[in-house]
Amino acid sequence: MGSDSIYCECGLEAELVGGDKVYPGRYDLAERLFYRCKPCEAWVSCHETTMLPMGSLAGRELRELRRQAHALFDPLWQRKIRRDGCSTRTARGAGYAWLSRETGIPKAKCHIGMMNADECRKVIALCESVYSKVRAAA
Ligand SMILES: [Zn+2]
C-alpha cells in the first residue's frame, strides 16, 4: 500500500473511478473522478489537479447529511458576498471560522466535506437556529 492510498472507514482501500460509476446518468459528472469503496457504496470526489480526495469517503446517509449541511450553510456565507462585496474566498473563510467557533470543531477540520454524521447534525441544527432567528426578526 502506497502512502498516498485513500482508505474507506471500513479499512478497505478506495478505488479511483469515473463519475459514471457513482452517478450513472449524470453526464455532467461522467468526466470527474471519485474515490469509491464499492462494498460500502461510499465515495468522495477527487481534486482534478492534486488528485487528493475532497474530504473523506461518505456513504448514503453521510452524503445526505453533508448535502443538507451545505444547503443550509452556503447561503449564510454567500449573503456576505452581496452584503459586504467581498470575495467568495473571504466570505467562505469567515463562514467556516464562525462555524468552527459555534460548533467547537477545530478550524483545520471544520469543512463539511470532512465532517462525520454528528458534526453535520451540529451544523444543520446551528444553521436552522440562525434561520429561525432571522424569521422571528422579520
Ligand atoms: Zn468501505
Side-chain angles (χ1 to χ4, degrees):
M1 65 175 97
S3 59
D4 53 357
S5 296
I6 306 302
Y7 291 90
C8 178
E9 270 190 346
C10 73
L12 285 176
E13 188 174 339
E15 54 174 349
L16 198 57
V17 298
D20 55 323
K21 295 283 191 301
V22 292
Y23 293 108
R26 286 284 306 272
Y27 302 109
D28 54 323
L29 297 175
E31 302 286 305
R32 300 280 300 273
L33 291 169
F34 295 82
Y35 289 101
R36 176 183 70 170
C37 175
K38 200 172 184 199
C40 293
E41 288 187 63
W43 60 79
V44 65
S45 54
C46 167
H47 194 282
E48 275 174 47
T49 48
T50 64
M51 295 303 283
L52 291 170
M54 294 169 72
S56 60
L57 269 74
R60 185 180 302 273
E61 189 198 8
L62 184 53
R63 283 197 304 274
E64 176 57 22
L65 285 167
R66 285 179 180 172
R67 194 194 59 74
Q68 279 180 32
H70 266 301
L72 290 165
F73 173 62
D74 294 349
L76 294 180
W77 62 258
Q78 285 162 355
R79 274 204 310 218
K80 187 176 169 67
I81 302 175
R82 292 190 296 274
R83 195 187 59 207
D84 302 350
C86 61
S87 67
T88 300
R89 191 189 165 90
T90 301
R92 191 197 288 124
Y96 272 108
W98 169 80
L99 200 58
S100 169
R101 279 197 306 277
E102 295 290 322
T103 58
I105 299 166
K107 217 169 166 181
K109 290 169 68 187
C110 193
H111 296 283
I112 290 170
M114 293 164 71
M115 288 181 186
N116 62 30
D118 283 346
E119 291 166 339
C120 286
R121 287 190 191 98
K122 266 192 197 173
V123 172
I124 291 165
L126 172 67
C127 293
E128 280 175 343
S129 77
V130 171
Y131 286 109
S132 62
K133 274 181 211 150
V134 171
R135 274 195 301 272

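Order of listing sets the numbers, starting from 1, for every ligand and every atom in it. Computed from a predicted model, the values in this text were never measured in an experiment.
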Answer yes if V17 and M54 sit in the same cluster of Ile, Leu, Val, Met, Phe, Trp and Tyr residues linked by side chain heavy atoms under 4.5 Å apart, and no otherwise. no
What pairs with E61 under side-chain hydrogen bond (donor to acceptor under 3.5 Å, both in side chains), at least two apart in sequence or on another chain? R121
Would you kindly say whether S87 and T90 are connected by a side-chain donor-acceptor distance under 3.5 Å? yes
According to salt bridge (Lys or Arg N to Asp or Glu O under 4.0 Å), who are the partners of K122, at least two apart in sequence or on a separate chain? none
If hydrophobic clusters are built from ILVMFWY residues whose side chains come within less than 4.5 Å, do L72 and L99 share one? yes
What protein N/O/S atoms lie closer than 2.8 Å to the Zn ion (ligand 1)? C8 SG, C10 SG, C37 SG, C40 SG
Side chains of residues 29-36: which donor-acceptor partners sit under 3.5 Å, not counting sequence neighbours?
residue: Y35; atom: OH; partner: M51; partner atom: O; Å: 2.5
residue: R36; atom: NE; partner: E15; partner atom: OE2; Å: 3.1
residue: R36; atom: NH2; partner: E15; partner atom: OE2; Å: 2.7

